Trainee: 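First the structure, which I've put down as structure tokens, then a few questions once you've had a look.
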Amino acid sequence: MQEFFAAYAEAFSHGDTEAIGQLWSLPALITAAQRSMCFADAEAFAKNTAAVCAFYREQGVVEARKTVLDVKDVGDTVAVVITRDEVVDASGREIARWKHAYLVRETPAGLRAIAAIADEEVQAWKARGTPLGS
């Protein structure tokens, strides 16, 4: 599981929206605070991912890190995964930190995220006074 999320963080570190998209299975649900988005097609998902990557660059993020904290199986092929996320600038200084919750499913193509709960990320960016937290 850690390998999957390390690849996910690496893709965000490079703004590689194609690689990020390949780690998800559609339809995908992303929910944070009072907003939930369900992406049924790859183009809409890629557009949202590109916007998040652009936001990270605007904040000075050069590296995203994810550490798996907990995995709970909720079926034969599905797990709830909690990660600790950190984003850092070029000097290695932490910009923000939060926990994320994901639903991850084992598919014939390998592990794929199917849902994410990003409440703490929105709170972290809000604490920094950024537009993502607005």
Side-chain angles (χ1 to χ4, degrees):
M1 195 66 69
Q2 181 60 49
E3 185 176 306
F4 173 83
F5 282 103
Y8 191 64
E10 183 74 13
F12 264 104
S13 295
H14 296 290
D16 188 342
T17 58
E18 184 176 329
I20 295 164
Q22 290 173 356
L23 295 171
W24 280 81
S25 181
L26 301 180
L29 172 68
I30 299 174
T31 184
Q34 302 303 316
R35 185 172 178 202
S36 295
M37 299 169 287
C38 185
F39 299 97
D41 69 74
E43 185 177 327
F45 186 83
K47 183 177 178 182
N48 182 72
T49 303
V52 173
C53 289
F55 171 79
Y56 283 5
R57 282 191 305 277
E58 290 168 9
Q59 302 308 310
V61 173
V62 298
E63 183 182 2
R65 301 172 182 160
K66 283 187 168 291
T67 303
V68 173
L69 300 176
D70 193 23
V71 178
K72 298 270 193 246
D73 291 334
V74 292
D76 291 339
T77 62
V78 179
V80 174
V81 181
I82 307 298
T83 63
R84 180 183 64 239
D85 294 40
E86 302 163 273
V87 289
V88 300
D89 65 16
S91 70
R93 183 181 59 86
E94 183 180 283
I95 296 171
R97 172 191 292 227
W98 60 85
K99 288 182 185 173
H100 241 114
Y102 293 90
L103 278 178
V104 178
R105 178 179 294 281
E106 182 65 47
T107 73
L111 288 175
R112 296 294 181 265
I114 56 176
I117 301 170
D119 290 12
E120 285 193 27
E121 179 177 7
V122 170
Q123 292 169 359
W125 290 116
K126 183 177 183 177
R128 289 183 51 82
T130 67
L132 187 65
S134 300

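Please read these numbers as outputs of a predicted model, since none were measured by experiment.
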Trainee: Mind listing the closest non-hydrogen atom pair of A116 and W24 along with its distance?
Mentor: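 Taking every non-hydrogen atom into account, CB-CH2, 3.7 Å.
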Trainee: Who else is in V88's hydrophobic cluster (ILVMFWY, side-chain heavy atoms under 4.5 Å, direct or via others)?
Mentor: none
Trainee: Would you say K66 and F12 make side-chain contact, with heavy atoms under 4.5 Å?
Mentor: no
Trainee: Name all residues meeting the salt bridge (Lys or Arg N to Asp or Glu O under 4.0 Å) criterion together with R65; count only those two or more places apart in sequence or in a different chain, and write none if there are none.
Mentor: E63
Trainee: So, taking the atom named CG in L103 and the one named CZ in R112, what distance separates them when rounded to the nearest 0.5 Å?
Mentor: 15.5 Å
Trainee: Using the test side-chain contact (heavy atoms from CB on, under 4.5 Å), find all partners of E3 that sit at least two apart in sequence or belong to another chain.
Mentor: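 Partners of E3 under the side-chain contact (heavy atoms from CB on, under 4.5 Å) test: none.
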Trainee: What's the spacing between E86 CD and I95 CD1 if we round to 0.5 Å?
Mentor: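 One finds 11.5 Å between CD of E86 and CD1 of I95.
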Trainee: Would you say L23 ends up clustered with Y102 if hydrophobic residues are merged whenever their side chains have heavy atoms under 4.5 Å apart, either directly or through other cluster members?
Mentor: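 Per the 4.5 Å side-chain linkage, Y102 and L23 are co-clustered.
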Trainee: According to side chain to side chain donor-acceptor pair (under 3.5 Å), who are the partners of D89, at least two apart in sequence or on a separate chain?
Mentor: S91, R93
Trainee: Among all residues two or more places apart in sequence or in another chain, which pass the side chain to side chain donor-acceptor pair (under 3.5 Å) test with Q34?
Mentor: none
Trainee: Just jot down the side-chain contact (heavy atoms from CB on, under 4.5 Å) partners of E106, sequence neighbours excluded, or say none.
Mentor: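 side-chain contact (heavy atoms from CB on, under 4.5 Å) list for E106, sorted by chain: T77, L111.
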Trainee: Side chain to side chain donor-acceptor pair (under 3.5 Å) with S25: which residues, sequence neighbours excluded?
Mentor: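 Expected list: none.
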Trainee: Looking at D85, is its backbone amide N or carbonyl O close enough to the side chain of T83 to form a donor-acceptor pair, meaning the two atoms are under 3.5 Å apart?
Mentor: no
Trainee: Go through the structure and list residues passing side chain to side chain donor-acceptor pair (under 3.5 Å) with R35, not counting sequence neighbours.
Mentor: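 Testing R35 for side chain to side chain donor-acceptor pair (under 3.5 Å), a comparison that skips the adjacent residues, returns none.
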Trainee: Heavy-atom distance under 4.5 Å between the side chains of Q59 and T130, does that happen here?
Mentor: yes
Trainee: Among all residues two or more places apart in sequence or in another chain, which pass the salt bridge (Lys or Arg N to Asp or Glu O under 4.0 Å) test with E94?
Mentor: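 So E94 forms a salt bridge (Lys or Arg N to Asp or Glu O under 4.0 Å) with R97.
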Trainee: Test of understanding: with side-chain contact (heavy atoms from CB on, under 4.5 Å), list the residues that count as partners of I82, not counting sequence neighbours.
Mentor: L69, D70, V80, K99, A101
Trainee: Kindly work out whether a path of hydrophobic side-chain contacts (I/L/V/M/F/W/Y, heavy atoms less than 4.5 Å apart) joins V68 to V78.
Mentor: no
Trainee: For the pair Y8 and F4, name the ring-plane relationship: parallel under 30°, tilted 30 to 60°, perpendicular over 60°.
Mentor: parallel
Trainee: Side-chain polar contacts of residues 43-58 - donor-acceptor pairs under 3.5 angstrom, sequence neighbours left out - could you list them?
Mentor:
{"unit_1": "T49", "atom_1": "OG1", "unit_2": "F45", "atom_2": "O", "d": "2.9"}
{"unit_1": "Y56", "atom_1": "OH", "unit_2": "E121", "atom_2": "OE2", "d": "2.5"}

Trainee: Could you tell me the separation between the CZ atom of R84 and the CH2 atom of W98, rounded to the nearest 0.5 Å?
Mentor: 12.5 Å
Trainee: Do you know which two heavy atoms are closest between A9 and A64, and how far apart they sit?
Mentor: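 So the minimum-distance heavy-atom pair works out to CB-O, 3.3 Å.
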Trainee: Under a 4.5 Å side-chain heavy-atom rule over Ile, Leu, Val, Met, Phe, Trp and Tyr, are L26 and I117 clustered together?
Mentor: no
Trainee: Using the test side-chain contact (heavy atoms from CB on, under 4.5 Å), find all partners of D73 that sit at least two apart in sequence or belong to another chain.
Mentor: V71, A79
